[in-house]
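First up is the structure itself, then whatever we jot down about it.
This is a predicted model, so every value here is computed, not measured. Just so it is clear: chains get the letters A, B, ... in the order the sequence lines come, proteins before strands, and each one is counted from 1.
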Amino acid sequence: MSTFAAPKGIPEYYPPESARFLAVRETLGEAARRAGYGYIELPLFEDTALFARGVGESTDVVTKEMYTFPDQGGRSITLRPEGTAGVIRSVIEHGLDRGQLPLKLYYSGAFFRYERPQAGRYRQLQQVGVEAIGVDDPALDAEVIAIADEGYRRLGLTGHRIELTSLGDDSCRPEYRAKLQEFLRGLPLDEETRRRVELNPLRVLDDKRPEVREMVADAPLMADHLSQQAAEHYERVKTHLRDLGVPFTENPRLVRGLDYYTKTTFEFVHDGLGAQSGIGGGGRYDGLMADLGGAELSGVGFGLGLDRTMLACEVEGVHPGDQSRCDIYCVPLGEQAKRRLVSLAGQLRHAGIRVEVAYGGKGLKGAMKAADRSGARYALVLGERDLAEDSVQLKDLAGGQQESVPLSAVVEKARTVLSG
RNA sequence: GUGGGUGUAGCUCAGGCGGUAGAGCACUGGGUUGUGGUCCCAGGAGUCGCGGGUUCGAAUCCCGUCACUCACCCCA
């Protein structure tokens, strides 16, 4: 056992898996860029109050899952548990919403939640997220959802599905909430759940326990209590999704754990990951900008969990980003040859070719074995005999045939042979 | 915070009715003094998570502890 271990609940990606991680991040980011979203790089920690107000005082995230500590100056700092609050803070602080709207941004990076780790749930998690701010158009909700779907498809995933609902808005949610609470208070629930009835009654609908599910089976649903305006918004989101060819299922019991969501909310679900089946989620948050001291601007966005997406790729057997790491593997025999090959490797790399060299005085057999494992298509073998005639052996590792190439012509030859 | 499971070689795991440690993969070398992938041979590598107890003797039995892991809860 080693002396040090990584902090609890933090996934680490090393080769070859890390190449997949990069591909997942890049593919999802590319889907956002393709729709006009620009990258925003933000702090990993913020003023604690930003999350308390932005995410919601009553949420589990704020009440028990934040990494909060005082810095040397006595300020209360919190490692970001989610992305939207920070984006909105930056937008307000720098007046990014003064230009043309919607403002479209995407981010990528680590988030932190102090939770008990389990499969797919980590204390440090990686997300790619987008935010579209300033335009309350159902077509924009649909675009955001379609971006995620496009990203997953590009990765090669087919087993994900989209769950959709509307949480209503200020004009109908308070009334519905009261009605739901009234219903729930009449049920014989345990103490913990009763507390939740008062804090966030919506979440009780999402309880996984069979006995609770049964009790709330005929609870009133938000979907049946939407205001005219919210219902119309929701209908149009669905229409646009159909037009986009993005399949979805409606789940009127879908609940998000963060307080800021209004109207459209959605979750990307993948079965087969264990208990943590949500690989991404998001929705509209029309009141958040104003709550954080900005203009009265609407917003819609999502966060996609990269770690869980990695798990989804694993169970589906798709391996984005997998490729050989090397085109040509150089095998020197002796010091003279090594000197020549090291320099040649530099020239080849300069020409954009991926090249490795057998270092450490490996024997020929060992070096050839390393060439094989590197995935290179060709090996360059250089020994005394070749040096004497200013040439090098170029071996096709798949077919096994080998030819002698003048050293001065190797770069050009390599280019030709690799492009073929 | 509450439960269950598991800790033996770098990785995946056998062994477990007590007698000082094994396999496969990986790695290194050799069979082939200038040629890899298959095959054969050899080698390095482990305080059996840690501490205590029982015993002539503990990886094995008992107690404690730590870690990892899955699930509840919650969420990406």
Give me the residues of residues 23-51 of chain A where at least one heavy atom lies under 4.0 Å from an atom of RNA chain B, by number, or none. none
Between residues 143-157 of chain A and RNA chain B, which residues have a heavy-atom gap below 4.0 Å? none
A/D327: which residues meet the salt bridge (Lys or Arg N to Asp or Glu O under 4.0 Å) condition with it, sequence neighbours left out? A/R354
Any pair with a residue in residues 404-420 of chain A that passes salt bridge (charged side-chain N to carboxylate O under 4.0 Å, His left out), sequence neighbours left out, goes on the list, sorted by first then second residue, please. A/E403-A/K413, A/E412-A/R415
A/L184 vs A/M215 side-chain heavy atoms within contact, under 4.5 Å: no
Do A/L333 and A/L364 have side-chain heavy atoms sitting under 4.5 Å apart? yes
How far does OG1 of A/T309 sit from CD of A/Q127, to the nearest 0.5 angstrom? 9.5 Å
Under 3.5 Å for both pairing distances: what stems, at least three Watson-Crick or G-U pairs long, include RNA chain B? B:1-7 with B:66-72, B:10-13 with B:22-25, B:27-31 with B:39-43, B:49-53 with B:61-65
Sequence neighbours excluded - ring-ring contact (aromatic ring centres under 6.0 Å, His included) pairs with any residue from [range]:
range	answer
residues 111-132 of chain A	A/Y67-A/Y114, A/Y107-A/F111
residues 265-290 of chain A	A/Y152-A/F268, A/Y260-A/Y285, A/F266-A/F268
residues 175-223 of chain A	A/Y176-A/H225

Would you say the side chains of [X] and [Y] form a donor-acceptor pair under 3.5 Å?
X	Y	result
A/H233	A/D169	no
A/D60	A/T63	no
A/S166	A/T264	no

Trace of the salt bridge (Lys or Arg N to Asp or Glu O under 4.0 Å) decision for A/D149 with A/R153: CA-CA 6 Å; A/D149 186 55; A/R153 282 172 192 285; 2.9 Å; yes
Output all residues satisfying side chain to side chain contact (heavy atoms under 4.5 Å, CB included) with A/A376, sequence neighbours left out; order by chain, then residue number. A/C326, A/Y329, A/S374, A/L397
Report, as a single string ordered 5' to 3', how protein heavy atoms within less than 4.0 Å touch nucleotides 71-76 of chain B: B base, S sugar-phosphate only, - not at all. BBBBBB
Go along nucleotides 24-37 of chain B 5' to 3' and tag each nucleotide: B for a protein heavy atom under 4.0 Å from its base, S when only backbone or sugar atoms are that close, - otherwise. --SS---B--BBBB
Residues in ring-ring contact (aromatic ring centres under 6.0 Å, His included) with A/Y106, at least two apart? A/Y39
